[in-house]
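The next block holds one structure in the form of structure tokens; read it before the comments.
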Amino acid sequence: MSEIMYVRGDATSPQGKGVKIIVHVCNDLGGWGKGFVLSLSRRWPEPEAAYRTWHRERAMNDFGLGAVQFVQVSPFVRVANLVGQHGTRRGSKGVPVRYEAIDTGLAAVADHALELGASVHMPRIGCGLAGGTWSRIEPLIAGRLTARGVSVTVYDFD
């Protein structure tokens, strides 16, 4: 079992060789405009466009909590739009993060990474606008990805 590697830097500039998958958490409302997605959109237009289409056509596809959409942005980089947040606001029902959905999505990411021989790169998913805690997310990553031999790098932006 490999361990999660932590580095300072930008998750939209993943380090290392070979195929890389950048994972981030999206909401289930079709909203894209705050947090890490702004960095993604500055770098590549495809993940946002694909996510918006996926949400708009949700009656005919798998869009929903726990689903993952893989968007190729360069020959060696794919972005995983993982739906792991219910809504966008904190309220009487707590924070938007849905740990079960992130866990389900990470299983799909692991399958895809193993198929491609890819490494996985991410910010501290689910812990920003989604309101989650890293102490709950980190074990999900370890259980779904590193336990299966997938190399994972987590980026803390300066």
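Since this is a predicted model, take the numbers as computed values, not measurements.
For N81 and H24, the side-chain atoms include at least one donor-acceptor pair closer than 3.5 Å.
In this structure, CG in L145 is found 5.5 Å from CE in M122, a value given to the nearest 0.5 Å. Here the OG-CE distance, from S151 to M5, works out to 6.0 Å after rounding to the nearest 0.5 Å. If you take CZ on R124 and CG on D156, they are separated by 4.0 Å, rounding to the nearest 0.5 Å.
Nearest heavy atom pair, residue I102 against residue L82, reads CA-CD2, 3.9 Å.
In this view, A113 and I21, A118, V120, V150 satisfy the side chain to side chain contact (heavy atoms under 4.5 Å, CB included) rule, not counting sequence neighbours. When the side chain to side chain contact (heavy atoms under 4.5 Å, CB included) test is applied to A50, the partners found at least two apart in sequence or on another chain are Q69, V71.
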**Prompt:** Can you check side chain to side chain contact (heavy atoms under 4.5 Å, CB included) on V154 and V7, steps first, answer last?
**Reply:** CA-CA 6 Å; V154 173; V7 299; over 6 Å; no
**Test side chain to side chain contact (heavy atoms under 4.5 Å, CB included) applied to Y6 and V152, step by step** = CA-CA 9 Å; Y6 292 88; V152 176; over 6 Å; no
**Asked** W44 and T12: side chain to side chain contact (heavy atoms under 4.5 Å, CB included), yes or no, with the steps?
**Response** CA-CA 9 Å; W44 305 287; T12 67; 4.3 Å; yes
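Under the ring-ring contact (aromatic ring centres under 6.0 Å, His included) criterion, the residue pairs touching residues 52-71 are Y51-F63, W54-F63, H55-F63, F70-H112, with sequence neighbours excluded.
The pair R43-D10 does not meet the salt-bridge criterion, since no charged nitrogen lies less than 4.0 angstrom from a carboxylate oxygen.
Contact of the L38 side chain with the F36 side chain is not registered, since no non-hydrogen atoms from C-beta on lie closer than 4.5 Å. Taking the side chain as every heavy atom from C-beta outward, P96 and H86 never approach each other to under 4.5 Å.
Residue D103 is tested with R136, R144, R98 for a side-chain hydrogen bond (donor to acceptor under 3.5 Å, both in side chains); the sole match is R144.
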